[in-house]
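Heads up, the thing below is written out as structure tokens.
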Amino acid sequence: MTTPLTLTRSEDSQGRSLITAKGEIDLSNTGAFASALADVEGPLVVDLTGVTYVDSAGMSVLFAEAERLEIIVTPLLGPLLEISGITSMATIKGLE
């Protein structure tokens, strides 16, 4: 069974490509998440403020694209990104 995840593509206020995710990112839906990120060329903003859970499969998708990502998180996901080490590879907003 696939865990509910909604992915919406738009542009942010600066005209950059933006993927907004809502739900949970886990092994059951990382294919859709990876495809959504891969479909965008160049720099990409990923808004995870509507995500309540990310497992290791979801983190692997973020790591694969990390060098071109700006990731927006909530205090819930911030520690996960810090511990994983992705903060040294991608721009992370929302850790303050």
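Note that the numbering runs from 1 along the sequence shown for the chain.
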Could you give all pairs that pass the side-chain hydrogen bond (donor to acceptor under 3.5 Å, both in side chains) test and reach residues 35-45, with sequence neighbours left out? none
Mind checking the CG-CE spacing from Leu62 to Met89? Nearest 0.5 Å is all I need. 10.5 Å
Test side-chain contact (heavy atoms from CB on, under 4.5 Å) on Asn29 and Leu7; report intermediate values, then the result. CA-CA 11 Å; Asn29 56 32; Leu7 300 167; over 6 Å; no
In the structure I gave you, are the side-chain heavy atoms of Arg9 and Ile19 within less than 4.5 Å of one another anywhere? yes
Side chains of Val61 and Ile25: does their closest heavy-atom pair fall under 4.5 Å? no
Taking only distance into account, with no hydrogens and no angle test, what donor-acceptor pairs under 3.5 Å do side-chain atoms of residues 64-79 form with protein atoms, sequence neighbours excluded?
unit_1	atom_1	unit_2	atom_2	d
Glu65	OE1	Arg68	NE	2.6
Glu65	OE1	Arg68	NH2	3.2
Arg68	NH1	Val40	O	2.8
Arg68	NH1	Gly42	O	2.4
Arg68	NH2	Leu37	O	2.4
Arg68	NH2	Val40	O	3.1
Glu70	OE1	Arg16	NH1	3.0
Thr74	OG1	Leu76	N	3.4

Using modelled atom types only, decide if a donor and an acceptor are shared between the side chain of Thr3 and the backbone of Ser28 within a distance under 3.5 Å. no
Specify the closest pair of heavy atoms between Leu5 and Ala21, including all atoms of both residues, with the distance to one decimal. CD1-CB, 4.1 Å
Scanning both residues in full, the closest heavy-atom pair of Ser17 with Pro43 reads CB-O, 4.2 Å
If you look only at distance, which donor and acceptor atoms sit under 3.5 Å apart when one is on a side chain in residues 53-60 and the other is two or more places apart or in another chain?
unit_1	atom_1	unit_2	atom_2	d
Asp55	OD1	Ala57	N	3.0
Asp55	OD1	Gly58	N	3.0
Asp55	OD2	Leu27	N	3.0
Ser60	OG	Ala57	O	2.6

